[in-house]
Amino acid sequence: MAFWLFKSEPDEYSLQDLAAEPGGCGRWDGIRNYQARNFLRDQVSPGDEVLFYHSACKVPAVVGTAEVTRAAYPDPAQFDPDSQYFDPKASADEPRWHCVDLSWRSEFARPVPLAEIKQTSELENMMLVKQGRLSIQPVAVEEWHTIVRLGER
DNA sequence: GCCAACGTTGGC
DNA sequence: GCCAACGTTGGC
């Protein structure tokens with residue numbers, strides 16, 4: 001079982017949107033970045049726990065948690081010419097992009113902003129801090145606990 | 001909306 | 001097989 005941080009633009013798909021899905025379970029799709037895709041396709045597994053991060057918004061922050069409920073499968077949007085995520089180079093035999101299913105777990109008592117994460121010495125090695133633009137990234141167990149603790153108060 | 005950091009693409 | 005151009009991400 002592994003820990004991850006997933007970024008989502010709240011205007012597109014927020015933690016609250018996930019919570020509002022039937023059973024709190026939704027598809028995490030639209031990934032079009034290769035580094036993120038590789039983590040998703042090769043390492044993210046059912047039962048893994050996820051820090052849900054809101055990006056490209058006023059206060060970028062970790063806002064809660066979710067759990068992976070289905071391993072990577074081809075993202076249907078890449079085959080749909082009407083979708084903004086359509087990829088003409090993808091085929092059913094050779095899908096280029098993948099997605100997973102997530103289940104809502106918790107919303108923090110308060111968001112943990114990126115600015116605060118950057119100021120927390122235990123979190124200085126997080127990929128979030130070291131490499132900004134990566135929408136799926138591994139999180140160390142200690143980092144997971146530190147952030148969850150910050151979100152509790 | 002600028003632009004920096006990545007990985008991929010493709011011309012040669 | 002080098003490397004410049006390109007696409008994506010996302011903080012500021």
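Proteins get letters first, then strands, A, B, ... in listed order; numbering begins at 1 in each.
Judged by distance alone, the side chain of A:T65 and the main-chain N or O of A:R105 form no donor-acceptor pair under 3.5 Å. Looking only at distances, no side-chain donor or acceptor of A:E122 sits under 3.5 Å from a matching main-chain atom of A:T146.
Protein chain A contacts DNA chain C over a range whose 5' and 3' limits, counting nucleotides with an atom under 4.0 angstrom from a non-hydrogen atom, are C:dT8 to C:dC12.
Projected onto DNA chain B by closest heavy-atom contact, A:R133 and A:Q35 fall at different nucleotides, the more 5' of which corresponds to A:R133.
Among the atoms of the strands shown, only primed sugar atoms or phosphate atoms (P, OP1, OP2) are found under 4.0 Å from some heavy atom of A:R96. As judged by a 4.0 angstrom heavy-atom cut-off over every strand, A:K58 is placed among residues making no nucleic acid contact. Among the protein residues, A:K89 comes within range of the sugar-phosphate backbone only, with heavy atoms under 4.0 Å from sugar or phosphate atoms but none that close to a base.
Under the 30°/60° scheme for interplanar angles, the aromatic rings of A:F52 and A:Y13 are found to be tilted.
Between A:E107 and A:V63, the closest side-chain pair of non-hydrogen atoms is not below 4.5 Å. Here the side chains of A:I147 and A:F108 are in contact, with some heavy-atom distance below 4.5 Å.
There is a side-chain donor-acceptor pair under 3.5 Å between A:Q35 and A:Q131.
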